[in-house]
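Naming: A, B, ... by sequence-line order, numbering from 1 per chain.
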Protein chains: 2
Amino acid sequence: MAKLLQPEAETTDPRILRSRRMLMDALARLLMKKEFEDVSVQEIADEATLNRATFYLHYADKNALLQAMTESRFRDLIERRAITFTGCKGALRAIALGVCDYLVESTGCPTQLSRMALEGSIIPIVEDMFKEGLAHHGMAADADSSLPATTAAWAVFGAARRWFQSPNRVPAEEMAARIETMVSPILFGASQ
Amino acid sequence: MAKLLQPEAETTDPRILRSRRMLMDALARLLMKKEFEDVSVQEIADEATLNRATFYLHYADKNALLQAMTESRFRDLIERRAITFTGCKGALRAIALGVCDYLVESTGCPTQLSRMALEGSIIPIVEDMFKEGLAHHGMAADADSSLPATTAAWAVFGAARRWFQSPNRVPAEEMAARIETMVSPILFGASQ
DNA sequence: ATTACTAAACGACATGTGTCGATTAAAAGA
DNA sequence: TCTTTTAATCGACACATGTCGTTTAGTAAT
């Protein structure tokens, strides 16, 4: 495993940003035609009109690209909706709805999801939002407050994933409400 | 992807059982020396004193073997403790403790866990236990009762995983109790 | 014991993976 | 403008992956 270029987005070099954007876009385009497992690094590089070696300057393998792409696009969706977890229940529902909608609009076929490791990119983001919200709400952001954040994030993702893969889906809004009901005791305590 | 032999354990042919057992044991031995990512199918086959092609008769790739091994060993642990989810809170705590202990005793180094997809094998088992328990408890095992089971399973695994990766772990028993407190409203409703 | 069945072994193949060193070219500062 | 820096390209390499057809040998039933 050779070292990559700038670890994350912490760069302003237009060449780096351009290459990463093109790789993500290329993968997104390929995923509309075939399954992730059947996409090779060579194909991604070709689709992005980049050399295969350039791919490895940025990502360790195609899974790392998938992770980065998922993270970037999920962040976009959250930002587009201007969701901030203020620590209220409504925000929890909005986040759950965001996860549901993201799965629908990003993953063509539900069967694909099972083989893709999206949890690694989505859950940490949701977790951070919960942590921020709980900190804003007065609770200190120590290890005690971050355990519920982690647990709630996994619960939300697991529920949304299950919903997305179920044959007859109820509307996303209804699912988000049910997730809120189930998950809010984790964050706010069983009393509320 | 060629088709494999008997889909799962539904075989009595001693040759098949022997090969699978040897492959799982070989992988377990190799994981004590190096990371999963650095283990090749050839190494696994050599360690198991089997031909590499024989590996592919049983598993699609090394991830599939890891999944099968994890599932088998986690089931063993549950069975050894004779845990049955009767629908009571105590059973939930026992299951949470089982997941915590499994992570400790099966995964050498916590950093390995992040790159391994164990959730795919552990969560479904926990989920099934929850479903069974809820059904026993009178609730019908329809889609409505299985959503909490899924959600709770993800929550338990996420919390246990976080605990396992944290630097200064509290005792597993204490963690199991905290998981029980957080997760039980998902299964039993926020009222109880 | 003979037979039918089929898992395991073996060698070989095309393709994909990850890395390397050397070269070219684009970005940014003097 | 010139210079420095470093990303991108290119060809090549050793190795891993997944599959195939054939042969060997273990299993189970007659």
K.L.:
Pick from A:Glu174, A:Glu180, A:Glu173: which one makes a salt bridge (charged side-chain N to carboxylate O under 4.0 Å, His left out) with A:Arg93?
P.N.:
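When salt bridge (charged side-chain N to carboxylate O under 4.0 Å, His left out) is applied between A:Arg93 and each of A:Glu174, A:Glu180, A:Glu173, only A:Glu180 qualifies.
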K.L.:
Evaluate the ring planes of A:Trp154 and B:Trp154, with Trp represented by its six-membered ring, and classify them as parallel (under 30°), tilted (30 to 60°) or perpendicular (over 60°).
P.N.:
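Rings of A:Trp154 and B:Trp154: tilted, as their planes differ by 30° to 60°.
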K.L.:
Hey, are the side chains of A:Asp25 and A:Met69 touching, using non-hydrogen atoms and a 4.5 Å cut-off?
P.N.:
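In short, these two side chains do not touch, never coming nearer than 4.5 Å.
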K.L.:
Using salt bridge (charged side-chain N to carboxylate O under 4.0 Å, His left out), reason through A:Arg73 and A:Glu105 one step at a time and then give a plain yes or no.
P.N.:
CA-CA 10 Å; A:Arg73 294 184 170 227; A:Glu105 82 181 37; over 6 Å; no
K.L.:
Would B:Arg75 and B:Glu79 count as a salt bridge (charged side-chain N to carboxylate O under 4.0 Å, His left out) if you check the C-alpha gap in whole Å, the side-chain angles of each, and the deciding distance to 0.1 Å?
P.N.:
CA-CA 6 Å; B:Arg75 268 190 212 287; B:Glu79 200 164 317; over 6 Å; no
K.L.:
Taking atom types as modelled and ignoring hydrogens, do the side chains of B:Asp46 and B:Gln42 form a donor-acceptor contact shorter than 3.5 angstrom?
P.N.:
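Side chains of B:Asp46 and B:Gln42: pair found under 3.5 Å.
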K.L.:
Protein within reach of the bases, or only the backbone? For nucleotides 21-30 of chain D, mark each nucleotide 5' to 3' as B, S or -, using heavy atoms under 4.0 Å.
P.N.:
-----BSS--
K.L.:
Taking the basic N atoms (NZ, or NE/NH1/NH2) and the acidic carboxylate oxygens, is any pair closer than 4.0 Å for B:Lys62 and B:Glu43?
P.N.:
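Here B:Lys62 does not pair with B:Glu43 in a salt bridge, since their nearest N and O are not under 4.0 Å apart.
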K.L.:
If you check every side-chain atom of B:Leu50, which of C:dA8, D:dT9, C:dG18 has the closest atom?
P.N.:
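Out of C:dA8, D:dT9, C:dG18, the nucleotide with an atom closest to B:Leu50's side chain is C:dA8.
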K.L.:
Heavy atoms only, 4.0 Å cut-off, all strands: where does A:Thr54 land among base, sugar-phosphate and nothing?
P.N.:
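The residue A:Thr54 makes base contact.
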K.L.:
Looking at A:Asp13 and A:Arg18, is any side-chain nitrogen of the basic one under 4.0 Å from a carboxylate oxygen of the acidic one?
P.N.:
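So A:Arg18 does not pair with A:Asp13 through a salt bridge.
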K.L.:
Taking for each residue the nucleotide of DNA chain C with the nearest heavy atom, is it B:Asn51 or A:Val41 whose nucleotide lies nearer the 5' end?
P.N.:
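Closer to the 5' end of DNA chain C: B:Asn51.
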K.L.:
Does A:Arg52 contact C:dG16 through a side-chain donor or acceptor facing the base, at a distance under 3.5 Å?
P.N.:
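For A:Arg52, whose side chain was compared with the base of C:dG16, there is no donor-acceptor pair (under 3.5 Å).
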K.L.:
How sharply is the helix from C:dA1-D:dT30 to C:dA30-D:dT1 bent, taking the axes over five pairs at either end and rounding to 10 degrees?
P.N.:
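About 40°, once rounded to a multiple of 10°.
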K.L.:
Where the side chain of B:His58 is defined as all heavy atoms beyond and including C-beta, which of C:dA8, D:dT9, C:dA9 is the nearest nucleotide?
P.N.:
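Taking heavy atoms from C-beta onward, the closest nucleotide is C:dA8.
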K.L.:
Would you mind telling me which of D:dA8, C:dA9, C:dG18 lies closest to the side-chain atoms of A:Ser19?
P.N.:
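Shortest atom-to-atom distance from the side chain points to D:dA8.
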K.L.:
If the cut-off is 4.0 Å, is A:Tyr56 near the phosphate of C:dG18, judged by side-chain N/O to OP1 or OP2?
P.N.:
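Yes, such a contact exists.
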